[in-house]
Amino acid sequence: MIGKLSVALAGVCVALCVGAQEGPADFTTQVPLAVSGNGPWYRLELPLAVQLNARQADLSDVRVFNAAGEPQAYALSRQTASSTENRSVTDVKWFPLYAADTRETLPGVVMKTTTEGTLVEIKPSSVAKPGTQVLRGWVLDASAIKAPLQQLNLDWSREQEGFQRFTIEASDDLQHWESWGDGQVARLSFADERVEQHDVSLPGQSARYLRLLWQGQAAPLLTSAKLVSSTRSSLPQPLVWSPPLAGTRLGAGEYSWQLPTGLSAERVRIELSQTNTLAPVSVSGRRDNKQTWQPLSSGLLYRLTQNGQDVVQDELALPGQVLNQIRLQVDERGGGLGAEAPALRFAVRATQVVFLARGEPPFTLALGNATVKAANLPLSTLIPDYSAERLKSLGQAKVVGAAVVKAPAVTVAPEEGRDWKKLGLWAVLLLGVAALGAMAYSLLRKPQGQP
């Protein structure tokens, strides 16, 4: 009988442990998934709208279940902007581009290089009358830089103030040019102070030459041109932007926004609804109302009309700290941003969920539990021969259909520092041991030979 009681008690303990394992019902949000491609590993680009249903800023409450409600082994891939990189700044030579007028988009030129590809001369393809040529742009010689180009830094004659707007093109042979988008630098005088913007972001690609062409205006005389290049151990995931958030006006030139949950925001974009807006600002943030505001960033926001076009700078970089609230303070000497709080968008790094499919589909992504512990594995553990190339070749999982969201169960808050589930399990175990001891004691007290 004692043996049978021991077996029964062990069964109860196993049942309790299995019952304690998390299931889909323990999470407030469940999202159906569809898989395609080569398994058994699948990667899911986690949509920001789904991520906002998490109850933990580090996504510790993310889980993947199969059709039987069994949890799947998974990993989170979240590279940040602070990836390891070797960064260098190089002064480069620049060569002028002249054209008949500012409306000529591609000046005709003859370019000469050395056998190593170093640019030595640029001259007009046709001889024009003196005084009829307009400085249209510049060609930068980046042939000595072998790493991807991340940033351009320009300086120009101090007599030329205002905005300088230009297109950026790249080439390896001076014949075929690829667009790298637009660039903008500025030198402004404001409230007896000078505000200067010299840096332009580049797409992180390699090129031997850059061509800068000014739009609708003569190019300024350059005094310095530098290129920032870097090699990274791993490129960061792209940024994902949120829908616009309504804010609250705290006072003159002061606004705040409440984020849907704690998020590692890396950029913010402030809506500048009125033209000719100029606003020096500072941004601060915090986790909750009990904390003091911590400074995060500062800069100059503007939306100005130049040559019939809007010139806009409405973004600021943030350090990527977990925030629940954001505050913007505006120097109203520039006219401010109005009585109503402007809309704000925030950007976070895209997150991938990689899971090992076990059991039968369909699979379900679940999240929304403030108390569960993290269960994700490192990618190198989940995928034994993991590499960045291998990650790209995995099968894909996608969100299909609408998320099922339920209100969290209303429970009595336990005392801080106590795990009631664990205490309950220990209580059952102790009661079982006590019952087993009582049974053994009763059997031992019976006289020998008595049934």
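Nothing here was measured: the structure is a model prediction, and the numbers come from that model. Along the sequence shown, residues are numbered consecutively beginning with 1.
In this structure, CD on Glu271 lies 11.0 Å from OG1 on Thr277, to the nearest 0.5 angstrom. Taking CG of Leu222 as the reference point, atom CG of Leu135 lies at 8.0 Å (rounded to 0.5 Å). Between the CD atom of Gln258 and the OG1 atom of Thr261 there is a distance of 9.5 Å, given to the nearest 0.5 Å. With values rounded to the nearest 0.5 angstrom, Leu154 atom CG is found 10.5 Å from Trp138 atom CH2. In this structure, CG in Leu188 is found 7.5 Å from CD in Glu161, a value given to the nearest 0.5 Å. We find the CD-CG distance between Gln197 and Asn153 to be 11.0 Å, quoted to the nearest 0.5 Å.
For Asp288 and Lys290, the salt-bridge test fails: no basic side-chain N is under 4.0 Å from an acidic carboxylate O. Here Glu254 does not pair with Arg249 in a salt bridge; the nearest charged N to carboxylate O distance is not below 4.0 Å. The pair Asp155-Arg187 counts as a salt bridge, with a side-chain nitrogen and a carboxylate oxygen less than 4.0 angstrom apart. One finds a salt bridge joining Asp310 and Arg303 here, because a Lys/Arg side-chain nitrogen approaches an Asp/Glu carboxylate oxygen to under 4.0 Å. Using a 4.0 Å cut-off between a side-chain N of Lys or Arg and a carboxylate O of Asp or Glu, Glu178 and Arg211 do not qualify as a salt bridge.
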**OP:** Go through the steps for Phe27 and Glu22 under the test side chain to side chain contact (heavy atoms under 4.5 Å, CB included), then give the verdict.
**Re:** CA-CA 9 Å; Phe27 300 85; Glu22 298 142 6; 4.2 Å; yes
Original post:
Hey, mind stepping through Asp385 and Ser387 against side chain to side chain donor-acceptor pair (under 3.5 Å) and telling me if it holds?
Top reply: CA-CA 7 Å; Asp385 55 346; Ser387 66; over 6 Å; no
Original post:
How far apart are the C-alpha atoms of Ile145 and Val92, what are their side-chain angles, what is the distance that settles it, and do they pass the side chain to side chain contact (heavy atoms under 4.5 Å, CB included) test?
Top reply: CA-CA 9 Å; Ile145 304 175; Val92 297; 4.1 Å; yes
**OP:** Assess whether side chain to side chain contact (heavy atoms under 4.5 Å, CB included) is satisfied between Leu323 and Arg287, documenting all intermediate values.
**Re:** CA-CA 5 Å; Leu323 304 171; Arg287 291 295 303 270; 5.6 Å; no
**OP:** Starting from the C-alpha separation in whole Å, work towards a yes-or-no answer on side chain to side chain donor-acceptor pair (under 3.5 Å) for Arg327 and Ser284.
**Re:** CA-CA 5 Å; Arg327 181 181 67 174; Ser284 54; 3.1 Å; yes
**OP:** Evaluate side chain to side chain contact (heavy atoms under 4.5 Å, CB included) for Leu227 paired with Gln151, printing each intermediate quantity in order.
**Re:** CA-CA 6 Å; Leu227 287 170; Gln151 192 177 80; over 6 Å; no
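Using a distance-only test at 3.5 Å, with no hydrogens or angles considered, a donor-acceptor pair links the side chain of Arg286 to the main chain of Gln291. Without hydrogens or angle criteria, Trp180 side chain to Gln205 main chain gives no donor-acceptor distance under 3.5 Å. Under the 3.5 Å distance criterion, the side-chain polar atoms of Asp61 are matched with a main-chain donor or acceptor of Gly368. Without hydrogens or angle criteria, Gln321 side chain to Ser264 main chain gives no donor-acceptor distance under 3.5 Å.
What you find for Arg63 and Ser60 is that their closest heavy atoms are NH1-O, 2.7 Å. Gln72 approaches Arg358 most closely through the heavy-atom pair OE1-N, 2.5 Å. Contact between Val348 and Ala265 at its shortest, heavy atoms only, is CG1-CA, 4.0 Å. The minimum heavy-atom distance linking Gly204 with Pro148 is given by the pair O-CB, 3.3 Å. Heavy atoms only, all atoms of each residue included: Pro260 and Leu52 are closest at CG-CD1, 4.0 Å. Of all non-hydrogen atoms in Val353 and Tyr74, the two that sit nearest each other are CG1-CD1, 4.3 Å.
Side-chain contact check for Asp172 versus Tyr209: every heavy-atom pair is 4.5 Å or farther apart. Between Pro244 and Leu344 the shortest side-chain heavy-atom distance does not fall below 4.5 Å. At a threshold of 4.5 Å between non-hydrogen side-chain atoms, the residues Pro342 and Leu337 count as touching. When side chains are defined from C-beta on, Trp257 counts as touching Leu328, because their heavy atoms get closer than 4.5 Å. At least one side-chain heavy atom of Leu33 sits under 4.5 Å from a side-chain heavy atom of Val399. Counting only heavy atoms from C-beta outward, the side chains of Arg158 and Glu196 approach each other to under 4.5 Å. Under the 4.5 Å side-chain criterion, counting only non-hydrogen atoms from C-beta, Thr364 is not in contact with Val31. Taking 4.5 Å as the limit, every side-chain heavy atom of Asn38 sits out of range of all side-chain heavy atoms of Leu394.
Sorted by first and then second residue, the ring-ring contact (aromatic ring centres under 6.0 Å, His included) pairs involving residues 286-308 (not counting sequence neighbours) are Phe163-Tyr302.
Aromatic pair Phe363/Tyr42: ring centres not closer than 6.0 Å.
A donor atom on one side chain and an acceptor atom on the other are not found under 3.5 Å apart for Ser171 and Glu169. For the residue pair Thr371 / Asn369, a side-chain donor-acceptor distance below 3.5 Å is found, with atom types taken as modelled. No side-chain donor from either of Thr248 and Ser256 sits under 3.5 Å from a side-chain acceptor of the other.
For the side-chain contact (heavy atoms from CB on, under 4.5 Å) with Leu316, the qualifying choice from Leu296, Val268, Ile270 is Val268, the only one to do so.
With Trp241 as the aromatic partner, Arg269 meets the cation-pi criteria of under 6.0 angstrom to the ring centre and within 45 degrees of the ring axis.
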Side-chain donor-acceptor pairs of residues 375-384 under 3.5 Å, sequence neighbours excluded:
none

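Heavy-atom neighbours of Glu70 CD from other residues, nucleotides or ligands within 6.0 Å: above the threshold of 12.
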